[in-house]
Amino acid sequence: MIDKEGGGDGDAVATGNDEHIVRGITGAGNVIRRLFQQRTRLWLQTLPDDITGPQFTVLGTLYLRGAMDQRTLGHHANLDKSTAAPIVERLRVRGLLAIERDTADARRKVLNLTPAGCAAVAHLAPYAAQVEDLLLEELSPAEREQFFHLAYRILGAADTT
């Protein structure tokens, strides 16, 4: 610890902020960041393609739910507009999804998977599931259920603010 009082003798002097500092560097945010880093590492090691997790989420959402506009996709994939837009563009450039004007409303753009996008999702899905298994392998089935229950409870609370 550093000398917080500026006395220069090198002895640590505790302040009321120490608990806040410890919580800030070892608390929930730190654990969540470390879990995300671990998932990213597992994702990069496991998937045989350079599709990112958020890109797979977009592809998978379109695969399961069909064509939709970008706002609806963002809602179903839990992505905000500023995150979804560059992902959609990258996937379009790669030929994995197509963007077309809605015939009923020319202002609306509809996103849909291309045949290559459908094939990519089908090919990568087992690898994505393997990443989740590896990430949670230390947890029993009951602990996994509790983990998701608690995480979604926190996310639900965050969504109401």
Side-chain angles (χ1 to χ4, degrees), residues 1-65 68-94 96-97 99 109 111 113 117 120-121 123-161:
M1 238 189 253
I2 63 169
D3 176 6
K4 297 179 192 90
E5 298 296 316
D9 62 6
D11 291 333
V13 177
T15 68
N17 274 339
D18 286 0
E19 179 186 344
H20 296 175
I21 294 167
V22 169
R23 286 176 60 194
I25 63 176
T26 63
N30 185 54
V31 171
I32 292 165
R33 177 188 55 79
R34 290 176 56 208
L35 281 170
F36 181 73
Q37 287 175 328
Q38 185 172 349
R39 182 186 185 268
T40 300
R41 181 181 51 78
L42 291 169
W43 187 271
L44 293 172
Q45 290 173 350
T46 305
L47 266 76
D49 198 347
D50 62 347
I51 295 288
T52 66
Q55 288 173 343
F56 183 80
T57 298
V58 166
L59 293 173
T61 300
L62 290 170
Y63 185 90
L64 293 173
R65 295 183 173 270
M68 64 187 72
D69 63 67
Q70 190 164 318
R71 183 175 359 144
T72 304
L73 172 68
H75 171 76
H76 288 304
N78 295 304
L79 298 170
D80 60 50
K81 186 177 181 178
S82 65
T83 302
I87 291 171
V88 165
E89 180 58 18
R90 284 187 202 101
L91 294 172
R92 185 196 63 77
V93 168
R94 290 184 64 176
L96 300 176
L97 69 77
I99 303 172
K109 295 178 185 176
L111 313 174
L113 292 180
V121 172
H123 173 70
L124 296 173
Y127 297 101
Q130 183 182 3
V131 168
E132 296 306 304
D133 290 342
L134 290 168
L135 184 63
L136 300 174
E137 70 184 348
E138 296 298 321
L139 302 180
S140 70
E143 289 170 328
R144 289 179 187 205
E145 188 175 319
Q146 183 180 22
F147 170 81
F148 284 110
H149 172 76
L150 294 171
Y152 281 115
R153 192 164 120 199
I154 291 168
L155 289 170
D159 288 342
T160 62
T161 58

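Owing to the predicted nature of the structure, the values given are computational and were not obtained by experimental measurement. We number each residue from 1, following the sequence as shown.
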Query raised in the report: Between the side chains of R33 and Q37, does any donor sit under 3.5 Å from an acceptor?
Result: yes
**Report entry** Point-to-point distance, once rounded to the nearest 0.5 Å, from CD of E132 to CH2 of W43
**Finding:** 7.5 Å
Report summary line: Smallest heavy-atom separation, L42 atom then V131 atom, equals O-CG2, 3.8 Å
Report summary line: Nearest heavy-atom approach of A125 to F56 is CA-CZ, 3.8 Å
Query raised in the report: About how many Å separate CZ of R34 and OG1 of T26, when rounded to the nearest 0.5 Å?
Result: 10.0 Å
Report summary line: With sequence neighbours left out, the residues meeting salt bridge (Lys or Arg N to Asp or Glu O under 4.0 Å) with E89 are R92
Query - Heavy-atom side-chain proximity of L111 to L91 below 4.5 angstrom - result: no
Query - Gap between atom NE2 of H123 and atom CG of L47 - 0.5 Å precision - result: 8.0 Å
**Report entry** side-chain contact (heavy atoms from CB on, under 4.5 Å) partner of L96, chosen from V121, L62, L113, I51
**Finding:** I51
Requested in this report: List the atom of R90, the atom of Q55, and the distance in Å for their closest heavy-atom pair.
Outcome: CD-NE2, 3.7 Å
Report summary line: CG (L64) and NE2 (H76) are apart, to the nearest 0.5 Å, by 11.0 Å
Query - Atom of F147, atom of L35 and distance for their closest heavy-atom approach - result: CE1-CD1, 4.5 Å
Query raised in the report: Once you round to the nearest 0.5 Å, how far does NE2 of H75 lie from CZ of R65?
Result: 7.5 Å
Query raised in the report: Around atom CZ of R23, are there more than 12 heavy atoms of other residues, nucleotides or ligands at under 6.0 Å?
Result: no
Report task. Nearest 0.5 Å please: distance from the CG atom of L136 over to the CZ atom of R144. Result -> 5.0 Å
Query raised in the report: Any sub-3.5 Å donor-acceptor pair from D69's side-chain atoms to T72's backbone N or O?
Result: yes
Query raised in the report: Would one find more than 12 heavy atoms of other residues, nucleotides or ligands at under 6.0 Å from atom CD of E143?
Result: yes
Query raised in the report: More than 12 heavy atoms of other residues, nucleotides or ligands under 6.0 Å from CD of E138: is that the case?
Result: no
Requested in this report: Apply side chain to side chain contact (heavy atoms under 4.5 Å, CB included) to the pair I87 and T57, showing each step before the final yes or no.
Outcome: CA-CA 10 Å; I87 291 171; T57 298; over 6 Å; no
